[in-house]
> 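Dropping a structure here in structure tokens format, bear with me for questions.
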Protein chains: 2
Amino acid sequence: MFREAPRPELRAFLKHAGLRPTRQRMALAELLFAQGNRHVSAEALHEEALLKRVGVSLATIYNTLHQFTAAGLLREVVVDGSRTYFDTNTSDHNHFFIEDDGKVLDIPGEALRVGNLPKAPPGYEIARVDVVVRLRRAR
Amino acid sequence: MFREAPRPELRAFLKHAGLRPTRQRMALAELLFAQGNRHVSAEALHEEALLKRVGVSLATIYNTLHQFTAAGLLREVVVDGSRTYFDTNTSDHNHFFIEDDGKVLDIPGEALRVGNLPKAPPGYEIARVDVVVRLRRAR
DNA sequence: CTGTGTGCAAACTCTTTGCATAAGT
DNA sequence: ACTTATGCAAAGAGTTTGCACACAG
């Protein structure tokens with residue numbers, strides 16, 4: 001049950017992204033990337049870190065999430081006006097959003113196609129197309 | 001240049017939606033619906049109302065926007081994590097979003113098609129599909 | 001050692017709420 | 001009159017910031 005073992009690959013992972021491997025960043029990177037794709041809010045990640053006895057302040061969580069995003073390790077997902085979600089899957093794909101419990105799920109890239117894209121108004125170009133499939137509990 | 005003329009059709013409009021035609025609601029309804037489709041944030045509508053010398057508090061703006069939404073006169077649009085937009089076009093359509101200046105534009109319903117919709121996970125059904133085409137200034 | 005990262009608390013933005021007053025029917 | 005809406009100010013969520021201290025290289 002020892003979770004404080006050295007993690008050389010995490011160290012390298014952060015270094016490669018140009019981020020100093022501090023204790024907090026290592027711990028958060030492990031939480032985020034050790035177990036498949038995840039969608040977290042700052043608050044949720046903070047609670048999770050506290051549960052695992054990792055001392056991290058909420059401010060550092062925000063800093064870290066933004067640094068990871070800037071480094072291309074995370075992607076911000078806008079599905080809900082009131083909370084920001086970060087997705088560990090940075091590839092091109094879309095999302096289910098379950099409004100009832102604020103959960104975000106990936107839709108694999110191939111599983112959805114947007115056809116007939118309109119062209120951007122003059123002076124603009126398309127930066128990205130986001131599709132959110134909103135779900136409700138079936139009756 | 002008199003803008004304080006009686007507006008019987010607005011009165012009827014609100015009544016029909018089950019809302020009491022108060023001075024504030026009439027004024028806001030006029031701002032929102034008198035000139036084609038609009039996409040407003042609460043703050044923007046508030047400023048606009050103040051400019052036209054309509055005394056409305058921000059709290060009332062929020063109340064009114066939500067009442068109009070509940071009555072089916074408006075539709076909430078999630079394009080930006082930090083602000084809520086309301087769209088006077090309640091029909092099925094999608095949006096351009098210009099991040100640089102926080103502007104929302106309609107994409108006509110026929111101009112975009114989502115194909116290959118994945119089916120909802122067990123226990124859920126699709127409530128709605130939202131597509132946001134994010135724009136940036138062309139280089 | 002030197003510079004970057006972290007923690008804390010305070011500030012900030014957007015939005016909601018509670019309650020006394022005002023307005024609609 | 002009776003009921004519902006409004007305004008204000010205060011509270012609330014989520015997020016950001018400034019600065020002293022701690023830590024990585």
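All values derive from a computational prediction rather than experimental measurement.
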> Please tell me if S82(B) has a side-chain N or O lying less than 4.0 Å from either OP1 or OP2 of dG14(D).
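For S82(B), the contact criterion (side-chain N or O under 4.0 Å from OP1 or OP2 of dG14(D)) is not met.
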> Would you say a side-chain N or O of T60(A) is under 4.0 Å from OP1 or OP2 of dG7(C)?
yes
> What is the separation between atom CG on L58(B) and atom C1' on dG18(C), rounded to the nearest whole Å?
16 Å
> What is the distance from CZ of F68(B) to C1' of dT6(D), rounded to the nearest Å?
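It works out to 14 Å between those atoms.
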> Round to the nearest Å and state the distance from M26(B) atom CE to dA23(C) atom P.
15 Å
> Report yes or no: does H46(A) contribute a side-chain atom to a donor-acceptor pair with the main-chain N or O of A44(A) at less than 3.5 Å?
no
> At under 4.0 Å between heavy atoms, what does T84(B) touch on the DNA or RNA strands: base, sugar-phosphate, or nothing?
sugar-phosphate
> Rounding to an integer number of Å, can you tell me how far L28(B) CG sits from dA5(D) P?
14 Å
> Please tell me which of the listed nucleotides, dC14(C), dA5(D), dT17(D), lies nearest to the side chain of R20(B)?
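Of the candidates, dA5(D) comes closest.
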> Which of these nucleotides, dT6(D), dT15(C), dT25(C), is closest to any side-chain atom of P21(B)?
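The answer is dT25(C).
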> Pick base, sugar-phosphate or nothing for G55(A), based on heavy-atom distances below 4.0 Å to the nucleic acid.
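Contact class for G55(A): sugar-phosphate only.
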> Could you state the CD-C1' distance from E47(B) to dT13(C), rounded to the nearest angstrom?
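The answer, rounded to whole Å, is 14 Å.
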> Of the nucleotides dG14(D), dT25(C), dT17(D), which has the atom closest to the R11(B) side chain?
dT25(C)
> Is there a side-chain contact between R23(A) and the phosphate of dG5(C), meaning an N or O under 4.0 Å from OP1 or OP2?
no
> Which of these nucleotides, dT6(D), dG25(D), dG14(D), is closest to any side-chain atom of Q67(B)?
dT6(D)
> Looking only at non-hydrogen atoms, find the nearest pair between A120(A) and L135(B) and report the distance.
CB-CD2, 3.7 Å
> Identify which nucleotide among dC8(C), dG5(C), dT17(C) has an atom closest to any side-chain atom of S57(A), counting heavy atoms from C-beta outward.
dC8(C)
> Between H66(A) and dT16(D), is there a side-chain N or O to OP1/OP2 distance below 4.0 Å?
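Indeed, a polar side-chain atom of H66(A) lies that close.
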> For H39(B) and H95(B), take the angle between the two ring planes, folded into 0 to 90°, and tell me which bin it lands in: parallel under 30, tilted 30 to 60, perpendicular over 60.
perpendicular
> dT3(D) C1' sits how many Å from L19(B) CG, rounded?
15 Å
> Q24(A) side chain N/O closer than 4.0 Å to the phosphate oxygens (OP1, OP2) of dG7(C)?
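Yes, because at least one side-chain N or O of Q24(A) sits under 4.0 Å from OP1 or OP2 of dG7(C).
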> In whole angstrom, give the distance that lies between atom OH of Y85(A) and atom C1' of dT15(D).
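My rounded result for the distance is 15 Å.
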> If two hydrophobic side chains count as joined below 4.5 Å and joins carry through other members, does V78(B) share a cluster with F97(B)?
no
> Between the side chains of E125(B) and R139(A), is the shortest nitrogen-to-carboxylate-oxygen separation below 4.0 Å, so that they form an ion pair?
yes
> It should be established whether K15(A) places a side-chain nitrogen or oxygen under 4.0 Å from OP1 or OP2 of nucleotide dG25(D).
yes
> Let's see if you can work this out: which of dA24(D), dC8(C), dT16(D) has an atom nearest to the side-chain heavy atoms of Y62(A)?
dT16(D)
> Side-chain N or O of T22(A) less than 4.0 angstrom from OP1 or OP2 on dT4(C)?
no
> Taking the nucleotide of DNA chain C with the nearest heavy atom to each, does R83(B) or A59(B) sit closer to the 5' end?
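Counting from the 5' end, the first nearest nucleotide belongs to R83(B).
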> Where do L65(B) and A42(B) come nearest, in terms of heavy atoms and distance?
CD1-CA, 3.8 Å
> In whole Å, I'd like the distance from the CD1 atom of I61(A) to the P atom of dT17(D).
17 Å
